[in-house]
Every structure is written in structure tokens, then in C-alpha cells.
Amino acid sequence: MVFFKIATMGVLTFLSIAAHAESAIVESDKYRLYSKPHEMSVTITTSDPGDRAVFTVYSFNKDSLAIQTFPERAAKRKLLMKDEDLWLYTPGVKRAIRIGVDQRLAGDVANGDILRTRFNEDYSAKLLGADKKSLRYELTKSSKAATYAKIIYTLQPGTFKPQKAEFFAVSGKSLKVAEFVEFKKVGGETLCTKIKITDAQSQRESTIAYSKFKPRNFTANDFNKDAVVEF
């Protein structure tokens, strides 16, 4: 079996490439996903003055619902991630429209950036390199619901806390870079509460901030396509 030698705080740790790449991504997802069914506030801002979008997001197992609350012109617009499908509900329109997870939500933030965030379920992982400061993984799309074709994902050795992610299109073109810049304790868990995203071409910056986490009691029926209309 092939091993990489990784220095962490002066202690040599041996990681098996084959056995540990997938488990490292599972551990890193714990910093980006609150383990309990919950609601939270998600605020997206950009480097353009006054450009801001706010959503209340509800999560239950693999299902997520985002209801926009700001700006007023888009209020009550809903996005439902159900299994591998994403549906858009627009006020005044009776039928939901199926849309892509890679479509822009606000600024350079895609729908999937707040609704499809389980890297361990949507990508296959391979360790690219390691040193005492970072672990670098290549994540390759393995689910049709994955937002990106490929991600170069950098984690902190030992904790597997996410540090940076570079996102790529099917063509291999670099789309944007995300930096995980703020972590806070939420209900006994350490979660990433702020991500800075930089567009690879324009260098425009967008920020995703997570706040107001509240555990909630949901059932699977709360997230079916018909129930969401009245949510």
C-alpha cells in the first residue's frame, strides 16, 4: 500500500491514499453541514455596492429548501433541492420549474453552493499532495447533481478543516476559488460560517455568511414538491 508522510505539529502521521481520501472529505463536510435538521439564514454579498441577497434555508437529511427574503422584488421565491433535482417556485406561478444546481443564485454564488454541499456524496476523492500545512485533494464529479465537474480542495492536516476550494467546469476552465474564512461553535459543533468566493476571470468577490442556526423538527413530507408551495 502506498503512503504519504505528513508532518503535523512535529508528529509524523501516515495516511493511506486509497483508504483515507474519502474519509477525509467526510470529516471536512462536518465543518460545512450542521448535523441536525435545522433552519438558518444565508446572506450573500458581492463587491458591488448594495448587492445583497438573503435566504432562509431549511435542511432535513439530504433535502434543502431556500426561501428568499431580500431583496423585496425576489421575496418568497423558493428553491427546493430534492434528491438530485432542484426546483424553482416563483410567487404567482403554480408550477415549479426544474433548474440547474450550477446556475447563478447571486453574485458568483451558484444554487448548489447553498443547497448541494455534501462533497462526500457527489464527488470521488484523490489525494494530490500533502505537507505540514495542508492536504490537497482532487474531487471529481460522481453524481449528476454535483454542482462542479472538478474541485481542488485544500484541508488542514489532522483536523480536515476546509481551507480553500477551486472549482472547475467540464472544459477544465477554472471558475472560482472559495476560501473558508470563519468558523464558529454552533450547538456544540464547529461550523464554517463565512466563505469568500473570488471569480477566476473578473476577480469579483462574493461572500456567503451563515447565521441564526435553529434546530427544527421536520418530516420527509415537509419537503415534497406539493407541501413546499405552502411552506
Side-chain angles (χ1 to χ4, degrees), residues 1-38 40 57 59-64 81-84 101-102 110 112-168 170 172 174-197 208 210 213 215:
M1 188 172 287
V2 182
F3 291 89
F4 264 87
K5 213 181 238 188
I6 302 168
T8 307
M9 296 185 292
V11 179
L12 291 179
T13 304
F14 295 93
L15 287 183
S16 163
I17 297 174
H20 290 274
E22 299 293 343
S23 61
I25 307 308
V26 170
E27 290 302 309
S28 73
D29 273 357
K30 293 177 182 179
Y31 291 99
R32 300 185 304 106
L33 301 165
Y34 193 29
S35 66
K36 306 176 182 68
H38 66 279
M40 64 182 173
V57 177
S59 295
F60 175 74
N61 295 336
K62 297 180 182 180
D63 298 334
S64 295
M81 190 80 225
K82 182 70 175 177
D83 299 321
E84 295 185 334
V101 289
D102 58 343
D113 290 333
I114 68 168
L115 289 163
R116 188 79 186 188
T117 57
R118 298 174 184 270
F119 287 173
N120 68 295
E121 294 179 1
D122 288 341
Y123 298 89
S124 298
K126 178 176 71 175
L127 182 63
L128 295 179
D131 57 38
K132 64 182 180 181
K133 292 184 178 180
S134 65
L135 305 171
R136 294 180 68 249
Y137 295 88
E138 179 182 82
L139 306 186
T140 305
K141 181 176 180 176
S142 60
S143 163
K144 70 176 185 178
T147 309
Y148 305 99
K150 186 177 76 172
I151 303 170
I152 301 300
Y153 196 29
T154 305
L155 307 180
Q156 183 182 74
T159 66
F160 303 111
K161 182 182 289 187
Q163 297 176 327
K164 185 171 73 172
E166 184 175 4
F167 303 97
F168 294 85
V170 174
S174 176
L175 299 172
K176 58 191 178 185
V177 175
E179 297 175 79
F180 302 87
V181 296
E182 186 176 278
F183 294 82
K184 292 182 179 179
K185 284 286 187 180
V186 177
E189 302 175 30
T190 300
L191 298 179
C192 179
T193 55
K194 185 176 289 186
I195 301 172
K196 185 177 78 172
I197 295 175
I208 309 174
Y210 305 89
F213 291 84

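On a predicted model such as this, the values are computed, not experimentally measured, just so you know.
- Taking both residues in full, the closest heavy atoms of D131 and K133 are given as OD1-N, 2.8 Å, listed atom of the first, atom of the second, then distance.
- Checking side-chain atoms of R32 against main-chain N and O of T117 turns up a donor-acceptor pair under 3.5 Å.
- With hydrogens and angles left out, the side-chain atoms of K185 and T190 include a donor and acceptor closer than 3.5 Å.
- The two residues I208 and D113 come nearest to each other via the heavy atoms CD1-CB, 4.3 Å.
- Between the side chains of Q163 and S134, not a single donor N or O lies within less than 3.5 Å of an accepting N or O.
- A distance of 11.0 Å separates CG in L128 from CG in L135, rounded to the nearest 0.5 Å.
- The shortest side-chain heavy-atom distance between F167 and T147 does not fall under the 4.5 Å cut-off.
- Across all their heavy atoms, R136 and L127 have their closest contact at O-CD1, 3.4 Å.
- Counting only distance, with no hydrogens or angles, the side chain of E22 and the backbone of S124 share no donor-acceptor pair below 3.5 Å.
- Judged by distance alone, the side chains of S59 and Y34 never bring a donor and an acceptor atom under 3.5 Å apart.
- Within 6.0 Å of the NZ atom in K161, the count of heavy atoms belonging to other residues, nucleotides or ligands exceeds 12.
- With sequence neighbours left out, K144 forms a side chain to side chain contact (heavy atoms under 4.5 Å, CB included) with E84, R98.
- Taking every heavy atom of both residues into account, R116 and D83 meet most closely at NH1-O, 2.6 Å.
- More than 12 heavy atoms of other residues, nucleotides or ligands sit less than 6.0 Å from atom NZ of K141.
- Using modelled atom types and a 3.5 Å distance limit, the side chains of E121 and S143 yield no donor-acceptor pair.
- In this structure, the side chains of L175 and Y148 come closer than 4.5 Å at one or more pairs of heavy atoms.
- The number of heavy atoms from other shown groups lying within 6.0 Å of NZ (K36) is above 12.
- Contact check for S28 versus Y153: side-chain heavy atoms found under the 4.5 Å cut-off.
- Proximity of Y123 to I25: side-chain heavy atoms (C-beta onward) are nowhere separated by under 4.5 Å.
- Shortest non-hydrogen contact noted between M81 and L115 is CG-O, 3.6 Å.
- For A24, the side chain to side chain contact (heavy atoms under 4.5 Å, CB included) partners two or more places apart in sequence, or in a different chain, are Y137, L155, F160.
- Counting all heavy atoms, side chain and backbone alike, A110 lies closest to V101 at CB-O, 3.7 Å.
- Between K30 and E189, every side-chain heavy-atom pair lies at or beyond the 4.5 Å cut-off.
- Using bins of under 30°, 30° to 60° and over 60° for the plane-to-plane angle, the ring pair Y31/F183 lands in the perpendicular bin.
- Within the 3.5 Å criterion, the main-chain N or O of D122 finds a donor-acceptor partner in the side chain of S142.
- Residues V186 and Y210 form no side-chain contact, since every pair of their non-hydrogen atoms from C-beta on lies 4.5 Å or further apart.
- A 4.5 Å side-chain heavy-atom check between L33 and R118 finds at least one atom pair inside the cut-off.
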